[in-house]
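Structure first, then comments.
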Amino acid sequence: MTVKELRAKFADVCRDETRSGNKASLIKRIAWRLQANYEGGLTERARQRARELACDADLRLSASRIRTQRASANTPTATAPQPIALPQDSRLPLPGSILIREYQGYSVKVRVGERGIEYSGQTYRSLGAVANVVTGGNRDHPALR
């Protein structure tokens with residue numbers, strides 16, 4: 001099949017469009033979907049592991065602009081994206097928690113927020129980024145740019 005025919009087959013099998021032009025990838029994705037449809041897809045254990053891994057990853061929470069433009073009200077598969085409820089990591093403090101540490105006689109106070117660690121009017125992705133600011137550490141850290 002040509003790439004154009006594979007893209008049409010992908011849309012038929014997966015009920016979704018693809019912009020991929022990689023023939024080998026399309027073949028693998030179509031084969032996986034056909035097998036998943038026939039045998040039932042991922043096990044619950046595999047789905048749970050994927051949720052755990054997703055907790056550690058940066059996730060896109062909204063559809064891409066191209067996909068949003070293609071979806072229309074008369075398309076039966078066009079639905080609003082539903083947010084995924086990810087479990088709170090028990091190792092992390094709850095949002096709203098205040099953490100205080102002493103550093104060279106100075107009291108460093110941070111607040112755990114919904115989107116990161118808040119310190120001195122700024123939000124950082126991690127406690128390590130805050131520590132770098134406080135100690136004057138790694139100036140190449142992305143949070144310090």
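Just so it is clear, the values below take in all heavy atoms, side chains as well, and ignore hydrogens, waters and symmetry mates. A quick note: this is a predicted structure, and the numbers were derived from the prediction, not measured.
- Residue E118 forms a side chain to side chain contact (heavy atoms under 4.5 Å, CB included) with just one option from T123, V110, V130, and that option is T123.
- Remark: the Q48 side chain and the R51 side chain contain an N/O donor-acceptor pair separated by less than 3.5 Å.
- Around OH of Y103, the count of heavy atoms belonging to other residues, nucleotides or ligands within 6.0 Å exceeds 12.
- No path of Ile, Leu, Val, Met, Phe, Trp and Tyr side chains, each step under 4.5 Å between heavy atoms, connects W32 with L6, placing them in separate hydrophobic clusters.
- Side-chain atoms of L99 and L127, non-hydrogen and from C-beta on, do get closer than 4.5 Å to each other.
- Taking R49 as the reference, E52 meet the salt bridge (charged side-chain N to carboxylate O under 4.0 Å, His left out) condition, with sequence neighbours excluded.
- When hydrophobic residues (I, L, V, M, F, W, Y) are linked wherever their side-chain heavy atoms come within less than 4.5 Å, the members clustered with I98 are I100.
- Considering all non-hydrogen atoms of both residues, I117 and V112 come closest at CD1-CG2, 4.2 Å.
- Taking each heavy atom of S20 and R29 in turn, the nearest pair found is CB-NH1, 3.9 Å.
- Judged by distance alone, with hydrogens and angles left aside, the side-chain atoms of R7 form a donor-acceptor pair with the main-chain N or O of T18 at under 3.5 Å.
- No more than 12 heavy-atom neighbours from other residues, nucleotides or ligands sit within 6.0 angstrom of CD on E114.
- Residue I30 comes nearest to F10 through the heavy atom pair CD1-N, 3.8 Å, listed as atom of the first residue, atom of the second, then distance.
- No side-chain heavy atom of Y124 sits under 4.5 Å from any side-chain heavy atom of N132.
- Of the possible donor and acceptor atoms, none in the side chain of K9 sits under 3.5 Å from a partner among the backbone N and O of I27.
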